[in-house]
*Asks:* 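I have a structure I would like to understand better, so I am pasting it below and will then ask my questions one at a time.
Values below: every heavy atom of this structure, side chains too, minus hydrogens, waters and symmetry copies.
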Amino acid sequence: MRYLALAALAVVVSSMACAAPVTIVQDGRPLATIVTAQEPPDQVSRAVAELVSCVEEASGATLAVSSDAPQGAPAIHVGETGYVQSLDIDLGEIHVGETGYVQSLDIDLGEMGTDGYVIQFPADDTIVILGASPSGTEFGVYGFLKRFLGVRWLLPGADGRDVPAAATITIPDEPVRDEPAFMSRLFSGGRGAHNEWARKNGMHGTISFHHNLRVLYDPQVFGESNPEFYPLVDGE
């Protein structure tokens with residue numbers, strides 16, 4: 001039994017030693033660069049802007065955004081950069097979306113829904129945020145901020161965002177696989193800041209249904225047999 005206990009302890013210690021936390025800010029000094037595609041999707045651009053803003057508010061460090069990773073600095077790859085396809089260098093990196101490196105990993109998203117995403121740690125100092133679609137990647141970035149930086153969007157507008165202070169930001173090796181419980185999520189009637197707040201809290205309406213009964217129930221088919229399906233106009 002003693003040997004079994006020692007063996008189990010060795011496995012635990014070994015697994016702990018293999019963990020590879022990634023520090024993206026150290027004492028207010030940025031240690032990462034965000035890399036995007038030349039023309040990233042709007043969803044990814046929004047997420048990158050929020051990532052930069054939250055990191056800056058938390059630590060005072062401004063992560064640079066580039067379409068090509070500078071040598072000697074960690075990189076956050078967002079979208080289809082292609083830069084990392086042949087890289088063989090030891091840099092701390094956060095890959096967001098379909099970079100060449102991410103494509104080479106052949107990550108299996110299986111039956112994951114449109115807005116699902118994964119956060120993985122495939123190698124030392126490497127983080128991958130990959131969605132099943134651009135909107136999935138966007139929600140992956142927001143999930144990253146919530147899980148690892150403690151960010152919350154409590155109310156619409158800038159005053160409703162809560163970002164805990166952290167001079168050093170280290171991301172633990174904790175793989176994530178997440179997707180919404182419902183295919184379509186929507187707060188009806190939102191405008192401007194309300195929509196932005198809802199989006200960061202996972203709202204994404206994927207089903208068009210407003211004033212849609214005339215499409216579901218064609219008046220030419222049901223007008224005579226079921227007139228109660230339709231509103232009255234001048235009594236008819």
*Asks:* Check the pair Thr62 / Glu56 against side chain to side chain donor-acceptor pair (under 3.5 Å), numbers first and verdict last.
*Replies:* CA-CA 5 Å; Thr62 302; Glu56 184 173 18; 3.1 Å; yes
*Asks:* Would a single hydrophobic cluster contain both Met203 and Phe182, if residues Ile, Leu, Val, Met, Phe, Trp and Tyr are joined by side-chain heavy-atom contacts under 4.5 Å?
*Replies:* no
*Asks:* Apply side chain to side chain contact (heavy atoms under 4.5 Å, CB included) to residues Glu174 and Phe148 and explain how you reach the verdict.
*Replies:* CA-CA 9 Å; Glu174 298 177 359; Phe148 300 124; 3.8 Å; yes
*Asks:* Tell me if a side-chain donor or acceptor on Asp108 pairs with a main-chain N or O of Gly110 at a distance below 3.5 Å.
*Replies:*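 Answer holds: yes.
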*Asks:* Atom CG of residue position Asp159 - does it have more than 12 heavy atoms of other residues, nucleotides or ligands inside 6.0 Å?
*Replies:* no
*Asks:* On a heavy-atom basis, which atom in Gly150 and which in Pro164 lie closest, and how many Å separate them?
*Replies:* O-CD, 3.4 Å
*Asks:* Aromatic rings Tyr217 and Phe222: how do their planes relate, parallel, tilted or perpendicular, breaks at 30° and 60°?
*Replies:* perpendicular
*Asks:* Within the structure provided, determine whether Val48 and Val141 are in side-chain contact (heavy-atom separation under 4.5 Å).
*Replies:* no
*Asks:* Where is the tightest heavy-atom contact between Ser45 and Pro40, given as atom of each residue plus distance?
*Replies:* OG-CG, 3.4 Å
*Asks:* When rounded to the nearest 0.5 angstrom, what distance separates CG in Leu154 from CG in Asp162?
*Replies:* 5.5 Å
*Asks:* Under the side chain to side chain contact (heavy atoms under 4.5 Å, CB included) criterion, do Phe139 and Asp178 qualify, and how do the steps go?
*Replies:* CA-CA 10 Å; Phe139 291 127; Asp178 197 12; over 6 Å; no
*Asks:* Near Arg177 CZ, under 6.0 Å, is it more than 12 heavy atoms from other residues, nucleotides or ligands?
*Replies:*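 Result for CZ/Arg177: enclosed.
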*Asks:* Identify the two heavy atoms, one from Pro134 and one from Pro41, that lie closest to each other, and give their separation to 0.1 Å.
*Replies:*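 Here Pro134 and Pro41 meet closest at CB-CB, 3.9 Å.
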*Asks:* Whether Arg147 engages the ring of Tyr117 as a cation-pi pair (distance to the six-membered ring centre under 6.0 angstrom, angle to the ring normal within 45°) should be assessed.
*Replies:*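 No, Arg147 does not sit over the ring of Tyr117.
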*Asks:* What I'd like to find out is whether the side chain of Thr206 reaches to under 4.5 Å of the side chain of Thr114, using heavy atoms alone.
*Replies:* no
*Asks:* Linking I/L/V/M/F/W/Y whenever any side-chain heavy atoms sit under 4.5 Å apart, do Val221 and Leu216 land together?
*Replies:* yes
*Asks:* Pair Gln43, Thr137 - check side chain to side chain contact (heavy atoms under 4.5 Å, CB included), show working.
*Replies:* CA-CA 8 Å; Gln43 298 95 322; Thr137 298; over 6 Å; no
*Asks:* Determine the sole option in Leu31, Leu51, Ile169 for which the side-chain contact (heavy atoms from CB on, under 4.5 Å) test with Ile24 is passed.
*Replies:*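 Of the listed options, the one satisfying the test is Ile169.
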*Asks:* For the residue pair Trp197 and Phe187, categorise the inter-ring angle as parallel (less than 30°), tilted (30 to 60°) or perpendicular (more than 60°).
*Replies:*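 Rings of Trp197 and Phe187: parallel, as their planes differ by under 30°.
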*Asks:* Count the heavy atoms of every other residue, nucleotide or ligand shown that sit under 6.0 Å from CD of Glu111, and state whether that count exceeds 12.
*Replies:*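 Open: at most 12 neighbouring heavy atoms sit under 6.0 Å from CD of Glu111.
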*Asks:* I need the Ile171 CD1 to Leu149 CG distance, nearest 0.5 Å.
*Replies:* 5.5 Å
*Asks:* Give the intermediate values and the outcome of side chain to side chain contact (heavy atoms under 4.5 Å, CB included) for residues Val176 and Phe144.
*Replies:* CA-CA 9 Å; Val176 174; Phe144 177 87; over 6 Å; no
*Asks:* So do Arg185 and Asp115 actually touch side chain to side chain, heavy atoms under 4.5 Å?
*Replies:* yes
*Asks:* Which atom names give the shortest non-hydrogen contact between Gly205 and Leu186, and what distance separates them?
*Replies:* CA-CB, 4.3 Å
*Asks:* Do Arg161 and Glu50 meet the salt-bridge criterion of a basic N to acidic O distance under 4.0 Å?
*Replies:*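 Salt bridge present between Glu50 and Arg161.
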*Asks:* Is there a donor-acceptor contact under 3.5 Å from the side chain of Thr168 to the main chain of Asp27?
*Replies:*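 Between the backbone of Asp27 and the side chain of Thr168 there is a qualifying donor-acceptor contact (under 3.5 Å).
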*Asks:* Any heavy-atom pair between the side chains of Arg46 and Ser135 that's under 4.5 Å?
*Replies:*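 No - every pair of side-chain heavy atoms lies 4.5 Å or more apart.
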*Asks:* Closest approach of Gly113 and Ala132, non-hydrogen atoms and distance?
*Replies:* O-CB, 3.2 Å
*Asks:* So, taking the atom named CD in Glu138 and the one named NE2 in His204, what distance separates them when rounded to the nearest 0.5 Å?
*Replies:*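 So the CD of Glu138 and the NE2 of His204 are separated by 8.5 Å.
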*Asks:* Indicate the atoms forming the closest heavy-atom contact of Val163 with Ala58, along with that distance.
*Replies:* CG1-CB, 3.6 Å
*Asks:* With heavy-atom distances below 4.5 Å as the criterion, would you say the side chains of Met112 and Val118 are in contact?
*Replies:* yes
*Asks:* Indicate yes or no for a side-chain donor-acceptor contact from Ser53 to the backbone of Ala49 under 3.5 Å, with no hydrogens or angles considered.
*Replies:*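 No, the answer is negative, given that no donor and acceptor are paired below the 3.5 Å cut-off.
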*Asks:* So do the side chains of Trp153 and Lys146 get within less than 4.5 Å of each other, counting heavy atoms only?
*Replies:* yes
